[in-house]
Amino acid sequence: MDADDMDVDLAAAEDIDSPSSASPATASGSLPAVLSELAALHRRASSSSSASPSLSLPSITFLSSAPAAVSSLFPRLGEAGVPASSLLAPLEASLSAHPLPAAVAYLRLLLAPASPLLTLFAPLPFLSLLLAIRKAATAAASAAANPSSASGSGAGNPRKRKTRRNQPAAAASRAAPSSSLLPKALALLADAAGRLPLGAHPDARRSLVDTAAELAAFDVLAAVLGSDYHAAAVQDVVRALAPVVLSGAKAAARVAAVQFLVRNVVPLGADGGEEEAVKKAVEYLPRYLAVKAPDKAEARALAVEAIVEVVQALGAEEREGFAGYVVAMAKGKAKGRLLAVDLVLAMLPVLLPSEEGSCDMEEGSWGMKCLRVLVERCSDNVAGVRARALTNTAQALDVLSDRGVEVDRLQEVMRIGDMGLGELLRRRCTDDKAAVRKAALVLITKAIGLIGRPVDESLLCAMGAACSDPLVSIRKAALAAISEVFRKFPDEKVMKEWLQAVPPLVIDSETNIQEECENLFLELVLNRVCQAANLNLNDDSNTLEEVFPEGTLDLLKSICDGEVAPCIKKICASLGKKKKLKPLLASSLQNIITISESLWLRSSRPIENWTAPIGSWWLLSVVSSYAPKSVNWKFLSHHWKLLDNVGQDDRGKACSQAEPNSALWAVNRVSLLQTISHVSMELPVEPAAELAHSLLTRIEDFDMNLSEVDAHVKSLKTLCKRKAKTAKEGDALILKWAQQLIRRAVEILDHYIKETSESARGHSFVTPLSSKHKGKKQTSAPKSTSQAVIAVFTVGSLILACPIADVKDITPLIHTIITSGNSEPRPKELVGGTISFKELAPSLYIQSWDTLAKICLVDDKVAKQYIPIFVQELERSDMATLRNNIMIAMADFYVCYTALVDCYISKITKSLRDPCEVVRRQTFILLSKLLQRDYVKWRGILFLRFLPSLVDESEKIRHLADYLFGNILKAKAPLLAYNSFIEAIYVLNDCTGHGVHSESQGSSDRRPALFAIRGTDERSRSKRMHIYVSLLKQMAPEHLLATSAKLCAEILAGACDGLLSVDDAGGRAVLQDALQILACKEMRIHPNICSENSEMDDEGCEGGGVASALQAAKGRAVTQVAKKNLIQIAVPIFIELKRLLESKNSPLTGCLMECLRALLKDYKNEIEEILVADKQLQRELLYDMQRYEAGKGKGKAAATEAGPSGTTKTTPAGKTPAGAGAAAVVEASARATVRTVLKEVNRNVPTPLHSMSVPKVKSVLGSAGPGSRRPGLLESVRRLQPFDSDDEN
């Protein structure tokens, strides 16, 4: 009832005729009028047996608002000869007519000084009074929550609108008194609660307590507990307040209810010594609240908070008793275990003393027991409990650290048996549930001090792998965890793992992770390097490790690793654009190099053997691009002369006599050249011109290391561009020296080809040279070959630096080299046709292909001519290096000339099965990038050829494939795994005898076995199953259901129909794979599979509860459809297939029975109904299931009987272990079942298929010829509506 309805009732009550309505004193509401009305009602009740009418509204209003007059009512009634009991019937009727005023009047009569309490109080009127107060409170709450409802409730009724317009003032005047009566009624109820004889009326007492708890009238509850019947009321109060205390809303009523329990209820247990019931009720109060605690996380947290407040108010003995209850609850059901881990964390400050250093962590103490429980639950079999326990353990460590618990003691506490904290965290970091992995990473961040040195390598690898987790929150947690480990323990192993895991996150899809990665790299790497900026070389320093801070040199050495360097360059570029790279960093790197050189010279060692600390020049070349003014030109000039002179000395020596440091010098020269090009704008004019001339001269000699050529060309180009007055002048200057170098390279290469051809032709007719002359000849040959290789490589660098350069003279020479030794005709002016440079100079042969690829990138005419030759060489070359380089070139061609290269995709993908691991990995990475950029489409055979990479021999390739299929492909083409699943089974088994797979054989690939994993051995089958499982994990529940139907319709039914031959090895392998797929756990559909698949996808988002409910409903619907599919489609096909396999004595019969057992084990109670068409199969399956359970029981019994070391415990003679007895019973039952089966077989009991009310499958044993139509069942199954494909048309 809302406020407006109550106003209408009050207004209508004025017009109700009553027996005393004719009295003139009725309207006045005086005591004589009330007495007169009561006397009239008494006389009417004496003369008539009808129900008593209610008191008039003026009389009720007078009784409720005049306490002084009410006190003299009872003496006046006695004088008038009206008994007090005659008030009950009119008052009870008034509680229905005028609820709240009548309730106040009734309470005033009960509280009157001369009131006959036992006469006036009765349970039924009292219950009506409580109901009236509840209704009034509900109406007041609804009116307060929706104040506009009163004016809008009659908006659609013209008559109501007119009535409200005519009487707005009257309604307002009546609403105010009625709303003010509720507090008065509650106050009077609190006064009356302690006086009423509720001890003899338990129902009335419970109703009073429930009403007070519902209205948060704690004064009433306090009065109840202060009465003489409080011992019986304590349990009622606790029961009534529990829903309020455990409500999920953060309301004031909940806080007040908790405070009431703490201040009013708990003290009763201590004060009521002789009241054993009260003491027990108070002692069991927190346990009762724990049992009634809600399941939702937020509501559970509030419940734990309330329970702990109550526990804090209890005595020490009661607290320990509740701690024991929590420990026992942690070993019970999942709901209790989840609540227990929350309670342990909240109770830890209560169980431990507050003084620092006196923490009670002795064995047997409740604090220790609770912590043990928390750590043990970290390995719970329920993922939610594991995750919560790990999170709470991290917070518990903070509490214990604040209390001053020693690290050694904490390490003992965190140990479970023989498993320490490091092993526990490693296992949880690789957990299959996302919430557990995240909680474990958070715990690592908190517990890094307890892990100790050295950090376990497997734990580091687990944290590194978590940095590439599909979920954003886990990547963030892993980033924080491994960075905290690196911050505390900057060991070499930790540093290596950190650099392998964190810098790649700079290309993460989440901007927050990119920024955090950059900030951590700045803090943990660059800022540490900056500490060397102001260091000086002391006289007593002998090694670099003594001069620089610990770990600085190791950092520099690690950051220039080939796999990490590109990511670090990107990080530095981003930091440089944001102006976060300090000039101090460049100064620090220069200081490191200078101190290293000075320390070397101090020891009187030759400068030719000195090398700067590894990584210092490389990092300086990266940083100098964003802080060019911080690099000193004198420093660069000095080291350029030094490195250049050493480089010339190295080039003067034979390759076999070169110093070991020559490669490091070459790398440093490249970095130095890059640094010079970055700061070229800051160079003076004359030194810049001198440097450019020196670079050109160096290039023109064609005697550098190949790694230096590209750096020299780029540096020379940069100098010309930046020092030219105009851009046009710079381009002209670049073209001039590029053409000059190309002409010089043409001369060298032409001379080398002629010399080699003449030498080869001369050796065919001349007597072999003596050893003396032969040695001289062989000494000069490597020099000319090396010069030719450098010339060809330099041409490739020049083409990319100046695409407009003329290469018409160099292209025929390169063509001669790459086609040398072939039988194809060539122009007469081209020499070298009779020799093979592939055998004479393999390096020249490989570099010629690379340079030709670069020419094709800038000249589309040359590309059209030579791309087919590249594809041909990719297929037939026996040089892994050349195949790798051509594969890189083909990826570039795909970007520039997509239409030209797309027709060769079937030949390009063959490199995924290349014998060389590097080629396979390079091909996989390049094709994956092209797929992500949509240059290549997931259509045709491409998807099927990527599948064997999931089981590649290389762990790196397998890791890349898992990431591609599990993350990139799942988001980009979620239906591809479903649409290609059946075809994948045929391709992997190299089975060509089915129509589905025949289409894929129409391609130009004539070697399908290259991508097949044929064989029925365990290794081949496990590889194929791993691929199938990886694809099944990408499917939604509805796709799993459809895939199951397609397996039955296209493979199992195809075998029944003769379309798939079970006599062929390939057909048997396909059928066996299909049966194993149907039986695997990934194919089984559970109601909660939807929620498990979408776990933590939308973390922290609103409306998560609604989404979870929808997913659960979807899961239940899919489960029902799966059951229907099993009964109506799968089982008939299985029955027919079993008969076929038995007729052929096929070994696949056992596999089929195992599949059926796995499919039907969730429907044990319905097997008779499902297999009604084949009683023999029904009994066989029951027997198999019993044997399986018996074996399972034996395994469990053996595990139970085995001791800690694995030895089996012996039992006394004549006694059988319980596990063995149970297994024996099951074995006996199984033997009885098999005897029944044998009887049925011997009797030849028919099992007709027509007894089932489902479609039948036509047997291949009948008269169906090869041209007969497929059965109706197969047609109906195959007409299943397919899902849309992800391929673009």
Side-chain angles (χ1 to χ4, degrees), residues 696 699-702 706 709-710 712-714 716-717 720 728 730-758 784-785 787-822 824-835 837-838 841 843-873 882 885-886 889-890 892-893 895-897 900-901:
L696 182 58
I699 298 172
E700 199 169 10
D701 291 339
F702 297 110
L706 293 182
V709 173
D710 201 40
H712 279 70
V713 172
K714 290 181 179 178
L716 183 56
K717 179 181 178 181
C720 293
K728 187 175 181 180
D731 293 338
L733 187 59
I734 293 171
L735 179 61
K736 179 180 178 181
W737 56 259
Q739 290 293 159
Q740 176 183 340
L741 291 173
I742 290 175
R743 286 193 296 269
R744 174 63 179 151
V746 169
E747 294 175 1
I748 293 175
L749 193 58
D750 183 56
H751 179 267
Y752 173 77
I753 293 175
K754 290 180 179 179
E755 181 183 3
T756 306
S757 300
E758 292 174 359
S784 59
T785 302
Q787 192 177 31
V789 170
I790 297 173
V792 172
F793 184 85
T794 304
V795 171
S797 298
L798 292 172
I799 288 300
L800 297 181
C802 182
I804 60 175
D806 186 9
V807 291
K808 63 180 181 180
D809 295 331
I810 195 72
T811 304
L813 298 176
I814 294 176
H815 179 87
T816 300
I817 295 173
I818 65 174
T819 58
S820 60
N822 294 348
E824 63 180 28
R826 64 188 70 254
K828 294 182 179 180
E829 62 271 12
L830 293 180
V831 296
T834 58
I835 62 174
F837 286 99
K838 180 179 180 181
S843 58
L844 177 61
Y845 183 75
I846 294 173
Q847 290 300 334
S848 298
W849 282 102
D850 295 347
T851 300
L852 182 60
K854 295 174 183 177
I855 294 174
C856 291
L857 288 175
V858 299
D859 192 338
D860 56 344
K861 294 181 180 179
V862 179
K864 291 179 182 179
Q865 181 181 356
Y866 282 98
I867 282 179
I869 301 178
F870 275 96
V871 176
Q872 181 181 359
E873 186 69 18
L882 180 57
N885 293 353
I886 292 179
M890 296 304 297
D892 292 334
F893 293 159
V895 176
C896 298
Y897 314 109
L900 287 177
V901 188

K.L.:
When you check the gap from the basic side-chain N to the acidic O, do Lys854 and Asp850 get nearer than 4.0 Å?
P.N.:
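Looking at Asp850 together with Lys854, the answer is no, because their closest N to O distance does not fall below 4.0 Å.
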
K.L.:
What heavy-atom pair brings Gln847 and Val792 nearest, and what distance separates the two atoms?
P.N.:
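What the structure gives for the nearest pair is O-CG1, 3.5 Å.
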
K.L.:
Assign the ring pair His815 / Tyr866 to parallel, tilted or perpendicular, where the plane angle (0 to 90°) is split at 30° and 60°.
P.N.:
perpendicular

K.L.:
Any side-chain heavy atom of Tyr752 sitting closer than 4.5 Å to one from Gln787?
P.N.:
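SC-SC contact between Tyr752 and Gln787 ruled out.
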
K.L.:
If you define the side chain from C-beta out and look only at heavy atoms, does anything of Cys856 sit under 4.5 Å from Ile867?
P.N.:
no

K.L.:
Quick one: do Asp860 and Leu900 satisfy side-chain contact (heavy atoms from CB on, under 4.5 Å)? Show the steps, please.
P.N.:
CA-CA 10 Å; Asp860 56 344; Leu900 287 177; over 6 Å; no

K.L.:
Which one of Leu733, Ile734, Leu696 satisfies the side-chain contact (heavy atoms from CB on, under 4.5 Å) criterion with Leu716?
P.N.:
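Of Leu733, Ile734, Leu696, side-chain contact (heavy atoms from CB on, under 4.5 Å) with Leu716 is met by Leu696 alone.
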
K.L.:
Does the side chain of Phe702 come within less than 4.5 Å of Ile748's, by heavy atoms?
P.N.:
yes

K.L.:
Please find the pair of heavy atoms, one from Ile790 and one from Thr794, that lie closest to each other, and give the distance.
P.N.:
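Heavy atoms only, the tightest pair is O-OG1, 2.6 Å.
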
K.L.:
Contact between Asp806 and Ile742 at the side-chain level, heavy atoms closer than 4.5 Å - yes or no?
P.N.:
no

K.L.:
How close do Leu798 and Trp737 get, heavy atom to heavy atom, and via which atoms?
P.N.:
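Result for this residue pair: CD2-CZ3, 3.5 Å.
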
K.L.:
Can you find a heavy atom in the side chain of Leu749 that is under 4.5 Å from one in the side chain of Val795?
P.N.:
no

K.L.:
Taking all non-hydrogen atoms of both residues, which atom of Lys838 and which atom of Ser820 are closest, and how far apart?
P.N.:
N-OG, 4.4 Å

K.L.:
Shortest non-hydrogen contact from Ile814 to Ser848?
P.N.:
CG2-O, 3.4 Å

K.L.:
Just verifying a value: how many Å separate Arg744 CZ and Ile699 CD1, rounded to the nearest 0.5 Å?
P.N.:
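Atom-to-atom, Arg744:CZ and Ile699:CD1 are 13.5 Å apart.
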
K.L.:
State, to 0.1 Å, how close Gly796 and Thr851 come at their nearest heavy-atom pair, and which atoms those are.
P.N.:
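Heavy atoms only, the tightest pair is N-CG2, 3.7 Å.
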
K.L.:
Would you call the rings of Tyr897 and Phe893 parallel, tilted or perpendicular if under 30° counts as parallel and over 60° as perpendicular?
P.N.:
tilted

K.L.:
In Å, rounded to the nearest 0.5 Å, how long is the span from OG1 of Thr756 to NE2 of His751?
P.N.:
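Result: 9.5 Å between the selected atoms.
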
K.L.:
Quick check for you: to the nearest 0.5 Å, what is the distance between Phe870 atom CZ and Asn885 atom CG?
P.N.:
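Reported to 0.5 Å precision, the distance equals 10.0 Å.
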
K.L.:
Say you draw a straight line from CD1 of Ile818 to CG of Leu813; how long is it, rounded to the nearest 0.5 Å?
P.N.:
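These two atoms lie 11.5 Å from each other.
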
K.L.:
What's the spacing between Asp710 CG and Leu800 CG if we round to 0.5 Å?
P.N.:
7.5 Å

K.L.:
Any chance you could measure Cys802, atom SG, to Lys717, atom NZ, to the nearest 0.5 Å?
P.N.:
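With rounding to 0.5 Å, SG (Cys802) is 7.5 Å from NZ (Lys717).
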
K.L.:
Show, in sequence, the C-alpha distance, side-chain angles and deciding distance for Val789 and Leu706, and conclude whether the side-chain contact (heavy atoms from CB on, under 4.5 Å) test is met.
P.N.:
CA-CA 9 Å; Val789 170; Leu706 293 182; 4.3 Å; yes

